[in-house]
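Below, read A as the first sequence line, B as the second, and so on, with proteins coming before strands; counting in each chain starts at 1.
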Amino acid sequence: MRERRYWLVKSEPSSFSWDDLWALPKRITHWDGVRNYQARNLLRDEMKKGDLVFFYHSSADPAAIVGIAEVVREGYPDASALDPQDEHFDPKSDAANPAWFVVDLKATKKLPRALTLAELRQTPGLEKMTLLQKGSRLSVQPVSSGEWEIICELAETG
DNA sequence: GCCAACGTTGGC
DNA sequence: GCCAACGTTGGC
């Protein structure tokens with residue numbers, strides 16, 4: 001077993017929120033619709049069962065980390081890319097050689113309080129966090145174990 | 001709603 | 001392979 005790694009995924013709550021995930025049977029969803037190669041590589045190759053994931057609300061008021069999920073199934077092809085009826089359909093992808101991948105995420109813990117982007121920016125130790133880099137738009141991104149601990153502690157205080 | 005930053009596309 | 005144009009993301 002490799003050591004557990006940590007991640008962050010973004011979702012716009014107007015399309016799919018933390019509460020939406022929490023309300024699902026088993027609180028599990030396919031993390032589909034990602035159409036960025038860097039993020040795809042993480043979904044396909046790097047995110048492993050048991051890894052933990054911050055759930056982040058983007059384009060929200062306020063933008064914030066709101067919960068923790070766990071990877072419960074590792075990378076497999078994204079069916080939405082193959083479905084012409086789906087808004088994420090990609091005509092360049094095909095079943096024999098899928099371009100896009102998903103993992104399954106299960107909501108495991110709602111944070112005691114939301115951690116806003118503004119608060120994260122003011123927190124020592126998070127200066128290098130991918131989320132906080134200027135122009136960072138990656139919707140699936142790695143979080144270091146140090147960053148993970150700082151953020152979890154922050155959620156328990158204040 | 002604005003706009004900066006980024007990724008992708010396509011002409012050359 | 002370069003780079004301008006375009007579409008998207010996402011904070012403010």
side-chain contact (heavy atoms from CB on, under 4.5 Å) filter on A:Thr108, not counting sequence neighbours, yields A:Ile68, A:Glu70
Any ring pair (Phe, Tyr, Trp, His ring centres under 6.0 Å) pairs touching residues 114-144 of chain A, not counting sequence neighbours?
-> none
Pairs satisfying side chain to side chain donor-acceptor pair (under 3.5 Å), at least one member in residues 148-158 of chain A, at least two apart | A:Lys109-A:Glu156
Could you give all pairs that pass the ring pair (Phe, Tyr, Trp, His ring centres under 6.0 Å) test and reach residues 68-120 of chain A, with sequence neighbours left out?
-> A:Tyr37-A:Trp100
Listed once per pair and sorted, the side chain to side chain donor-acceptor pair (under 3.5 Å) pairs that draw on residues 9-25 of chain A, sequence neighbours left out | A:Ser17-A:Asp20
Produce a footprint string for nucleotides 5-11 of chain C: one letter per nucleotide, 5' end first; B if the base is under 4.0 Å from any protein heavy atom, S if only the sugar-phosphate is, - if neither.
-> --BBBBS
Which whole-number value in Å describes the distance from A:Lys134 NZ to C:dC12 P?
-> 12 Å
